[in-house]
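What you are looking at is a predicted structure, and each value in this text was computed from that prediction instead of being measured. For ligands, and for the atoms within them, numbers begin at 1 and follow the listed sequence.
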Amino acid sequence: MDLATRLKSAIDARRDELIALTQALIRIPTLNPPGRNYREICDFLAAYLSERGFTTELIRADGAPGDSETYPRWNLVARIEGARPGDCVHFNSHHDVVEIGHGWTRDPFGAEIDGDRIYGRGACDMKGGLAASVIAAEAFLDTCPDFAGSIEISATADEESGGYGGVAYLAEQGRFDPARVQHVIIPEPLHKDQICLGHRGVWWAEVETHGRIAHGSMPFLGDSAIRHMSAVLTEMEETLYPLLLGKQTEMPVIPEGARASTLNVNSIHGGAPEEGADYTGLPTPCVADRCRIVIDRRFLIEEDLAEVKAEIIDLMERVKVQRPSFRYEIRDMFEVQPTMTDKGAPIVRSTAAAIEAVLGREAAYVVSPGTYDQKHIDRIGRLQNCIAYGPGLLELAHQPDEWVGIEDMADSAKVMALVLAELLGP
Ligand SMILES: [Zn+2]
């Protein structure tokens, strides 16, 4: 039997273990926010992986956003060394899951099996992917005990809330230094036949217009910040949105609509703050002296962040020409550069070959509209040889009755095992 066939049957032989591991992970409700049971899931995985020969380390992201004594940000890094020197292949999964939400017909933490599906919050995003990577590593270790290099498996906190208590923290500690780790697979649910090369960029900012308060019966004595903001929004509709739609990327972003630059006005607040539900009186008549919007601008690899910011400043300046009393402020909140791993990178080539060998079809290449932990690996870790690849359908993430397919998990575990054989094998 050739190596690929032996690896595939080693995965098939572990089907029950794959199912049981996925169920065990789903049954630890690692809800974020606030960040529950992080220690429990890290302890569980540490025990599981040390039984299989891994050296494990629990790392708390001390002082990271969200870290507290009540909700400490725990991460697990497990590593196993081969018989000979070589590269390190790292599988990174986030262990946190988002809130349950409404509309479930299954127990969100029951990990019920129905046919080929395992149901539960985090099933596809991304405990199924985490389990698949563990089984892939096990099958590879059994089949090729004299492998070269090393394998790392990490389970990290807070991806759903920006990854600062997880991958960003580990990257800052040098855990993704290219001298230490050479290949990274993030088993996010991008489907078993697709390789996700990266993501678009993000700029979040708060834009505030200023006015002057006055009595609402004599608004001409004041200066309405809401009317100024309305002029800003009108200018966006008339000039900015058409401009953004015209910017199309060469990145293979899915869904198709996200191949253009996009801007979302995340929120708008103006004038007097809203009273609580217990207030039964009327508002007082005032001209709004402040109005704020939060913008969420997603940009393309072809765009430059400085230009993206300049577009908004230019827009505000155009409004100013029309409105003599107009004053504004722009405050940066958050920014992430777009990233896209080269199709010729070793991790991409070996994953593409493995997909073809396991599924009998060519791999598709995609880019994510939103960011995920690859941003930290790229920006802080400076490691470019990173992809997202894993079982499950992205559309099911964060939905009620989230599930992951057992067949899909087994297939992507086979792909991951073949990648290990290609990069570290004989
Ligand atoms: Zn995820």
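- The side-chain hydrogen bond (donor to acceptor under 3.5 Å, both in side chains) analysis of residues 412-426, with sequence neighbours excluded, yields the pairs Asp12-Lys414.
- Aromatic pair His199/Tyr372: ring centres closer than 6.0 Å.
- Side-chain polar atoms of His94 and Asp158 form no donor-acceptor pair below 3.5 angstrom.
- The angle Glu188:OE2 - the Zn ion (ligand 1) - His94:NE2 amounts to 90°, with values rounded to 10 degrees.
- When distances to the Zn ion (ligand 1) are checked against a cut-off of 2.8 Å, Asp125 contributes an N, O or S atom below that limit.
- One finds no salt bridge joining Glu356 and Arg361 here, because no Lys/Arg side-chain nitrogen approaches an Asp/Glu carboxylate oxygen to under 4.0 Å.
- The Zn ion (ligand 1) has no N, O or S atom of Glu159 closer than 2.8 Å.
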